[in-house]
Structures are given as structure tokens and as C-alpha cells.
Amino acid sequence: MGLCAVLLICLSQAELGRVWAYEHEDALSETVLQTDGDFYGLPRTRRDQHSPHQHREVRHTEGRGLDITTLPDNMTRIVEDSQRYYKWQSFGPADRRTEELWVNLNNLHKSQVQIHGILSNAHRQAARVALSFDFPFYGHHLRQIIIATGGFIFMGDITHRMLTATQYIAPLMANFDPSYAKNSTVRYSDNGNVFVVQWDSVSLKDREAEGPFTFQAVLNKNGTIVFNYRDIPIPVEKMNSTEHPVKVGLSDAFMALPPPLQVSEAQRRTIYEYHRVEMNITKIVGRSAFEFTPLPTCLQHTSCDLCITSNMTTGCGWCNTLQRCSDGIDRHRQEWLDYNCPEEAKGSCEDYIPVLPEGSMSSYNQSSPSPTPSSAEMEGQPVTRDLQSSPPHHTGITENTAIIAGVVAALVVLVVLTLLAVYYINTHPTVAPPFYLMQRRTNNYWPSMTFRNQGCHSSYAEVELGGHEKEGFIEAEQCC
């Protein structure tokens with residue numbers, strides 16, 4: 001019996017080692033995503049394999065696909081450049097506000113600014129970065145973003161190869177190549193309230209002679225977004241968009257599954273872009289800026305009364321099943337449809353009667369739809385009802401006490417058996433079972449762990465090279 005207890009302890013230590021290894025890997029706040037061809041390719045990482053519900057991936061292979069399109073004409077809203085979700089202002093070189101909005105990363109301490117070693121030495125690549133705060137984007141609170149070398153931030157929670165299509169914050173989306181020059185970098189800073197990413201002295205691919213661009217995107221904790229432009233050597237309208245899209249603005253979308261009668265293409269999912277903000281690119285010059293202020297959305301309401309009666313939003317409906325306020329056009333649209341929320345949203349708040357806890361007899365008597373008892377019945381039954389409510393409560397306490405006592409007793413027995421096993425091994429070292437264990441015991445208290453590179457993609461580890469302005473990168477062991 002004592003030997004069995006020792007073996008159980010060894011197995012528990014091995015399991016703890018595996019849990020520690022997984023948590024150590026998941027603690028990495030930054031995941032580099034490789035690109036492929038003309039798209040920003042995002043192959044499935046090891047984190048995605050462990051957490052399929054957090055970062056799902058859609059590929060264009062094996063009968064599955066992803067379409068990115070605008071809303072069909074028969075839906076209530078199409079892509080529009082209206083100030084429904086954001087209002088914005090533009091500032092030129094002569095405006096004082098332009099200098100106030102610019103975040104000078106050179107004035108910050110070196111420990112507060114990070115140069116991304118991979119993105120600063122690559123072309124058409126993107127990397128996931130974790131934020132230290134919840135950033136509201138179109139009413140959705142995000143904690144992770146994907147920075148791309150092409151002058152934009154991908155804000156979607158479902159990664160795919162066409163990152164430039166929608167769900168972006170794009171101060172200047174274009175075919176930039178930070179790997180061309182040594183002083184070309186992609187760096188960022190996060191102080192808990194403001195996240196800044198700056199594309200510093202980056203040049204257009206195969207058009208390096210036209211000069212370097214320097215601009216930044218600023219994400220504030222309150223949802224405000226700022227595009228700052230420091231060096232713009234050529235007009236944006238003269239940029240070539242044949243090899244890479246050229247966009248300035250914001251965009252969001254939702255993913256939806258086809259109706260059951262149209263599932264002939266093996267679960268093809270479609271991303272619908274429901275809103276886009278397109279800025280006037282002629283206003284983008286050196287030392288100019290755009291400031292976007294978020295407007296209230298239905299998603300911010302947390303109760304039915306606020307959802308229906310608020311003057312800050314229009315067209316909102318309350319779904320009691322999901323406990324969510326929405327107009328049906330946001331990232332949760334598929335869930336909104338799956339739970340029949342469009343029908344629930346047609347009702348009023350009075351239609352939803354809260355579920356009362358058991359034992360609240362007074363509230364139950366006031367709201368019960370059953371017929372009212374006669375005066376004779378009410379005179380003879382109140383004391384009886386109170387007496388009947390006591391025994392079940394006392395029984396529940398007794399059952400819980402018995403369960404706790406059983407668990408404690410089991411733990412005590414396990415500790416006693418373990419102590420006996422240790423005592424037996426130390427006092428009888430020549431007996432076969434203790435001698436076998438003593439020969440194979442080790443001084444390591446944790447089991448050894450091996451981390452293997454899964455998949456057929458090269459993995460990269462960032463290193464800081466002394467005496468260089470850029471961070472370098474080394475290629476890890478190639479998979480066979």
C-alpha cells in the first residue's frame with residue numbers, strides 16, 4: 001500500500017511538470033507569424049493548436065475556404081463611410097494639435113520602447129502583440145493585435161492570409177519593406193494607457209530612391225485612435241496599389257456561416273465587412289495627423305433598460321438569452337442569429353421576468369401566477385409552510401458536512417500511508433521494492449522536459465546584438 005502511495009506522488013509530479021511546461025509556453029506574449037506569397041500568411045502556431053477557440057485559422061485548402069466581401073444588398077447596412085462608429089478630425093502642419101498628438105518615442109526610456117527584431121528585418125510579415133489594457137474597437141474590447149510591416153494593424157480575432165482586406169487600423173497601408181535599410185525599424189511602446197506603434201524610416205519595395213516614410217498609430221485606452229505622419233516624401237495618391245493595397249482608415253467585419261441549405265462547399269465561411277472609414281489621402285503630408293473618437297455603441301449597454309431607453313444609441317435590441325445589447329451588426333452576429341436574438345429583441349424589458357432563487361417564499365407568493373388561495377386556507381397554512389421549509393435546508397447542511405468529512409478522512413489516510421511507505425523504505429533498504437526505487441531515484445525534483453518544434457515552418461528567436469541599431473534574429477533548428 002505504501003508503494004502505491006509513492007507511485008501516485010511520482011505521477012502527480014510528472015503531471016505538474018507537464019502543466020508547468022504548457023503555462024511557460026503560453027506565457028509568451030508575442031507570436032511571430034510568417035507570410036506567404038502576396039498575402040500576409042499566418043500559419044497555425046503552436047499556441048493556436050493548444051487553444052483552438054482563442055485563435056482560429058481559416059485556410060483556402062482541403063475544401064474549406066474564406067470569402068471576404070461586403071454585406072449583401074438585402075441586409076440593413078452596407079459598407080459606409082459615415083460617422084456612426086467614429087468621428088474624426090484632420091490636422092495640418094500649421095495646427096498646434098499636430099505636435100500635441102505626436103508621441104516622440106526618442107524621448108522615452110530605452111526600456112519603454114521595443115524594436116521588433118523580426119518585423120524590422122522582413123517584408124510582408126506580421127506579428128501578434130499583447131496589449132496591457134483592453135482596447136475598445138467598434139465596441140469590442142481587444143487584448144491582442146497583429147502588427148504588419150505594411151503600415152497597418154490587423155484587429156481581427158480570426159487570422160487568415162488576406163489581412164489587408166478588412167478589420168484593420170491603417171495609418172498608411174502600403175508595400176513597405178523595413179528590411180531595406182539598417183535604420184528602418186518597426187517599434188512600439190505600451191505604458192498601460194497608450195499603445196504606440198511606429199514605422200520608422202521605412203521605404204516602399206523597389207522604390208527606395210523615393211525616400212523613407214515615418215508615421216505612427218496611437219491606440220488610447222479610451223478607444224481614441226490617432227494617425228501621426230512625420231515624413232511623407234511623396235504624395236500618397238502616387239503610390240502603386242497593384243502589388244499591395246494602399247489604404248488609410250479603419251474597418252471592421254463579422255464572420256458568418258452560410259444557411260443550412262447552402263452548405264455545399266464544405267463549411268465555407270464568409271467575412272462580411274459591415275463598416276469602413278476611408279480618409280482623404282490628399283490631406284496626408286509631413287507633420288499632419290488624424291484623430292478618431294469612438295462613438296457609443298449598443299454593445300456598451302449591460303442591462304435591458306439602458307439598451308432600450310438610452311439616447312446615446314439607436315436601433316439597439318436586448319437579447320435576454322445572451323444578456324447582450326446589439327443592433328445585430330457586429331462581430332457577434334452569428335451568435336446573435338444562432339440564439340434567435342432578432343426575435344427576442346422585438347420584445348420589451350417587461351417580458352423578461354428574473355428567475356427567483358428557491359426558498360424566497362415571500363417573493364414567490366407575490367409574483368406567482370397561480371390562483372390566490374382563500375382566506376380560510378391562508379389562516380391555517382402559514383405556520384405549516386414555514387415548518388416545511390426548514391428540514392430540506394438542514395438536510396443539505398448534513399450532506400455537505402458528510403462530504404467534507406469524507407474528503408478529509410481520505411487525505412489523512414493518504415498522508416499516513418505515505419509516511420509509512422517512507423519509513424519502511426528507510427528501515428528496510430535491502431528489500432526488493434525499496435532497493436529498486438533507490439537505485440533509480442534522482443536528485444531532480446521535476447521531470448525533464450523536451451520542447452520540440454512542431455510543423456514544417458522555421459521558428460525564429462529574437463536576440464539583441466550589441467552595437468547595432470536593429471535587433472537581429474537567428475534561425476532555430478530546421479524540422480525534417
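Everything numeric in this text was worked out from a predicted model, so none of it was measured.
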Query raised in the report: Hey, what do you get for CG (Asp252) to CD1 (Ile169), rounding to the nearest 0.5 Å?
Result: 9.5 Å
Query raised in the report: Donor-acceptor pair, Trp199 side chain versus Ala148 backbone, under 3.5 Å?
Result: yes
Query - 4.5 Å side-chain heavy-atom contact, Phe176 and Ser184 - result: no
Query raised in the report: How are the rings of Phe290 and Phe292 set relative to one another: parallel (under 30°), tilted (30 to 60°) or perpendicular (over 60°)?
Result: tilted
Query raised in the report: Less than 4.5 Å apart, any side-chain heavy atom of Ile153 and any of Val197?
Result: yes
**Report entry** SB check Lys346 Glu344 (cutoff 4.0 Å)
**Finding:** no
**Report entry** Residues Asp327, Arg84; criterion salt bridge (charged side-chain N to carboxylate O under 4.0 Å, His left out); working and verdict
**Finding:** CA-CA 12 Å; Asp327 59 357; Arg84 175 177 176 83; 2.9 Å; yes
Query raised in the report: Is there a donor in the side chain of Asp305 and an acceptor in the side chain of Ser303, or the other way round, less than 3.5 Å apart?
Result: no
Query raised in the report: Do side-chain atoms of Gln144 reach the backbone of Val129 as a donor and acceptor pair under 3.5 angstrom?
Result: no
Report summary line: Nearest heavy-atom approach of Trp336 to Ala345 is CZ2-CB, 4.0 Å
Requested in this report: Let me see the working for Asp190 and Ser132 under side chain to side chain donor-acceptor pair (under 3.5 Å), right down to the final yes or no.
Outcome: CA-CA 7 Å; Asp190 188 346; Ser132 64; 2.8 Å; yes
Query raised in the report: Are any of the side-chain heavy atoms of Leu142 and Asp157 separated by less than 4.5 Å?
Result: no
Requested in this report: Please name all residues satisfying side-chain contact (heavy atoms from CB on, under 4.5 Å) with Ser203, sequence neighbours left out, ordered by chain then number.
Outcome: Tyr180, Glu208, Pro212
Query raised in the report: With a 2.5 Å cut-off on the SG atoms, do Cys307 and Cys325 make it?
Result: yes
Report task. Evaluate the ring planes of Tyr86 and Tyr138, with Trp represented by its six-membered ring, and classify them as parallel (under 30°), tilted (30 to 60°) or perpendicular (over 60°). Result -> perpendicular
Query - Heavy-atom donor-acceptor pair, Arg143 side chain to Phe133 backbone, under 3.5 Å - result: yes
Query - Pro136: partners by side-chain contact (heavy atoms from CB on, under 4.5 Å), with sequence neighbours left out - result: His141
Query raised in the report: Do the side chain of His109 and the main chain of Gln112 share a donor and acceptor less than 3.5 angstrom apart?
Result: no
Query - Glu273 and Ser251: CA distance, side-chain angles, deciding distance, side chain to side chain donor-acceptor pair (under 3.5 Å) verdict - result: CA-CA 7 Å; Glu273 184 183 41; Ser251 171; 2.4 Å; yes
Query raised in the report: Can you tell me if the gamma sulfurs of Cys319 and Cys341 fall under 2.5 Å?
Result: yes
Requested in this report: Salt-bridge test for Arg207 and Asp177: reply yes if a basic N is under 4.0 Å from a carboxylate O, no otherwise.
Outcome: no
Requested in this report: Take Phe227 and Phe215, measure what ring-ring contact (aromatic ring centres under 6.0 Å, His included) needs, and give me the verdict at the end.
Outcome: CA-CA 7 Å; Phe227 295 166; Phe215 56 94; 9.1 Å; no
**Report entry** Ile158 and Gln167, any side-chain heavy atoms less than 4.5 Å apart
**Finding:** no
Requested in this report: Indicate yes or no for a side-chain donor-acceptor contact from Arg333 to the backbone of Phe254 under 3.5 Å, with no hydrogens or angles considered.
Outcome: no
**Report entry** Distance-only side-chain donor-acceptor flag, Asn240 / Glu243, under 3.5 Å
**Finding:** no
Query raised in the report: Do the side chain of Thr224 and the main chain of Asn220 share a donor and acceptor less than 3.5 angstrom apart?
Result: no
Query raised in the report: Only one of Arg230, Arg187, Gln198 forms a side chain to side chain donor-acceptor pair (under 3.5 Å) with Gln216, so which one is it?
Result: Gln198
Report task. Establish, yes or no, whether a centroid distance under 6.0 Å links the rings of Phe195 and Tyr188. Result -> yes
Query raised in the report: Of the options Val202, Val236, Asp231, which is the one that meets Phe213 in a side chain to side chain contact (heavy atoms under 4.5 Å, CB included)?
Result: Val202
Requested in this report: List the steps, then state whether side chain to side chain donor-acceptor pair (under 3.5 Å) holds for Thr313 with His301.
Outcome: CA-CA 9 Å; Thr313 54; His301 302 312; 2.9 Å; yes
Query - Listed once per pair and sorted, the side-chain hydrogen bond (donor to acceptor under 3.5 Å, both in side chains) pairs that draw on residues 94-105, sequence neighbours left out - result: Arg97-Glu100, Arg97-Glu291, Glu99-Arg287
**Report entry** His123 side chain to Asn175 side chain, donor-acceptor N/O pair below 3.5 angstrom
**Finding:** yes
